[in-house]
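Numbered from 1 within each chain, the chains take letters A, B, ... in sequence-line order.
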Protein chains: 2
Amino acid sequence: MNISQASKAAALPVKTVRYYADVGLVAAQGRSDAGYRTYSDTEIRKLIFVRRAREFGFSIEECRELLGLYQKDDRTSADVKQIATKRLNEIKQKQRELQSLHDDLSNLVSACRGDNRPDCPIIDYLA
Amino acid sequence: MNISQASKAAALPVKTVRYYADVGLVAAQGRSDAGYRTYSDTEIRKLIFVRRAREFGFSIEECRELLGLYQKDDRTSADVKQIATKRLNEIKQKQRELQSLHDDLSNLVSACRGDNRPDCPIIDYLA
DNA sequence: CATAGGGTTTCCACCAACTGGAAGGTCAAG
DNA sequence: CTTGACCTTCCAGTTGGTGGAAACCCTATG
């Protein structure tokens, strides 16, 4: 399989597949005579795994760890859970921040008449 | 006022104040004989304004626009409200995404025993 | 067999919004 | 006069890619 086949199979852009190879996250199986990267089902599965992990917001380094655990049959679910819990806590933290931002900005936007006069509670708040 | 005084007054790192000057967001009032940036109350107020806007997640470019409106006495509150509404919608969108991520990951983490055995619903989901 | 089109390679640059650090000039105190 | 705390510029690195150029490769068609 060439890189574009792999990228389609994994639902990732070609550039991204190449990038993952560059950073040593998912290496190609090998190279053709012409120097083309070749991919087999094993690598496709890893690429899909990484795509899903990235969709959860795991960093490249975390994906590397998760991928390591995925491939290690003597992993412990505790190790996996620990990484996932960390990410979950980050998400919760971000949610709290966004909620607070949302509430404040929402109040300001509601209080702003949005007409052609200059007085504006949003500007007042920022100043 | 030297840059470190300004940075304290605006509650921003020195590096950031210098960066804002570099990108033309908040220029220093001038330079001393030795070439030191000087800041007056006007610039401090702008720096504080930008810090607050950044805390809301407005981009540098949006801060530039807001700062322009802040300084323009014939602004319309409609212009301000439009920028703020755009940002508010981005926040809402991000909240929806995070909520979905949270729910999914939370379910997986709950379902994972986190013991020393290898079977793990998180890995299963990603694979 | 030449050539046109696609696919592939490497490498370099860019995005946002800083941050860290090096090398060197400045200033005030002791 | 020296020491230490400032300040300056400039370059590099961060995250996770993306865009593009120059050049090589492969296949199909005329």
Side-chain angles (χ1 to χ4, degrees), chain A residues 1-40 43 46-67 86-87 90-91 94 97 101, chain B residues 1-40 43 46-47 49-67 83 86-87 90-91 94 97 101:
Chain A
M1 247 173 160
N2 279 348
I3 199 168
S4 63
Q5 305 296 314
S7 96
K8 273 189 198 75
L12 284 170
V14 169
K15 279 266 185 187
T16 301
V17 176
R18 213 174 272 131
Y19 174 73
Y20 288 166
D22 285 351
V23 299
L25 185 56
V26 180
Q29 186 198 25
R31 295 279 183 148
S32 75
D33 289 352
Y36 288 14
R37 287 172 185 81
T38 58
Y39 288 87
S40 71
E43 284 77 41
K46 290 190 204 173
L47 287 170
I48 291 170
F49 183 97
V50 169
R51 174 172 54 74
R52 299 220 177 109
R54 289 287 300 133
E55 283 165 2
F56 270 123
F58 289 106
S59 71
I60 295 291
E61 286 317 306
E62 284 165 342
C63 288
R64 207 187 294 277
E65 291 185 61
L66 288 169
L67 205 47
K86 177 165 163 282
R87 177 69 194 130
E90 288 168 6
I91 290 172
K94 197 79 193 166
E97 290 168 14
L101 283 189
Chain B
M1 246 173 161
N2 279 347
I3 199 168
S4 63
Q5 304 297 314
S7 95
K8 273 188 198 77
L12 283 171
V14 170
K15 279 266 185 187
T16 302
V17 176
R18 213 175 270 131
Y19 173 73
Y20 288 165
D22 284 352
V23 299
L25 184 56
V26 180
Q29 187 198 24
R31 297 277 183 148
S32 75
D33 289 352
Y36 290 13
R37 287 172 185 81
T38 58
Y39 288 87
S40 71
E43 284 77 42
K46 290 190 203 172
L47 286 170
F49 184 96
V50 168
R51 173 171 57 73
R52 299 221 177 108
R54 289 286 303 131
E55 284 165 3
F56 270 123
F58 289 105
S59 70
I60 295 292
E61 286 317 306
E62 284 165 341
C63 288
R64 207 187 294 278
E65 290 184 62
L66 288 170
L67 204 47
I83 297 173
K86 176 164 163 281
R87 177 67 195 131
E90 289 168 6
I91 290 172
K94 196 77 194 167
E97 291 168 13
L101 282 189

Please find the earliest and latest nucleotides of DNA chain C, in the 5' to 3' direction, that have an atom within less than 4.0 Å of any heavy atom of chain B. C:dA17 to C:dC27

Short side-chain N/O contact from B:Arg31 to OP1 or OP2 of D:dT9, under 4.0 Å: yes

With sequence neighbours excluded, residues passing ring pair (Phe, Tyr, Trp, His ring centres under 6.0 Å) with A:Phe49: A:Tyr70

Can you list the residues that meet the side-chain hydrogen bond (donor to acceptor under 3.5 Å, both in side chains) rule with B:Lys94, with sequence neighbours excluded? none

Apply side-chain hydrogen bond (donor to acceptor under 3.5 Å, both in side chains) to B:Thr38 and list each qualifying residue two or more places apart in sequence or on a separate chain. none

What residues, two or more places apart in sequence or in another chain, satisfy side-chain hydrogen bond (donor to acceptor under 3.5 Å, both in side chains) together with A:Arg87? A:Glu90

Test of understanding: with ring pair (Phe, Tyr, Trp, His ring centres under 6.0 Å), list the residues that count as partners of B:Phe58, not counting sequence neighbours. none

For B:Arg18 and D:dC10, is the shortest distance between a side-chain N/O and OP1 or OP2 below 4.0 Å? no

May I have the list of side-chain donor-acceptor pairs in residues 4-16 of chain A shorter than 3.5 Å, sequence neighbours left out?
| unit_1 | atom_1 | unit_2 | atom_2 | d |
| --- | --- | --- | --- | --- |
| A:Ser7 | OG | A:Ser4 | O | 3.2 |
| A:Ser7 | OG | A:Leu12 | O | 3.3 |

Can you sort out the partners of B:Phe56 under ring pair (Phe, Tyr, Trp, His ring centres under 6.0 Å), two or more places apart, ordered by chain and number? A:Tyr125

side-chain hydrogen bond (donor to acceptor under 3.5 Å, both in side chains) against A:Gln29, all qualifying residues, sequence neighbours excluded: none

Starting from the first five and the last five pairs of the helix from C:dC1-D:dG30 to C:dG30-D:dC1, work out the angle between the resulting helix axes, to 10 degrees. 30°

In the 5'-to-3' direction, what one-character label does each nucleotide of nucleotides 13-26 of chain D receive under the scheme B = base within less than 4.0 Å of a protein heavy atom, S = sugar-phosphate only, - = no such atom? ---BBSBB----BS

Listed in order of residue number, which residues of residues 1-9 of chain B have a non-hydrogen atom at under 4.0 Å from DNA chain C? none

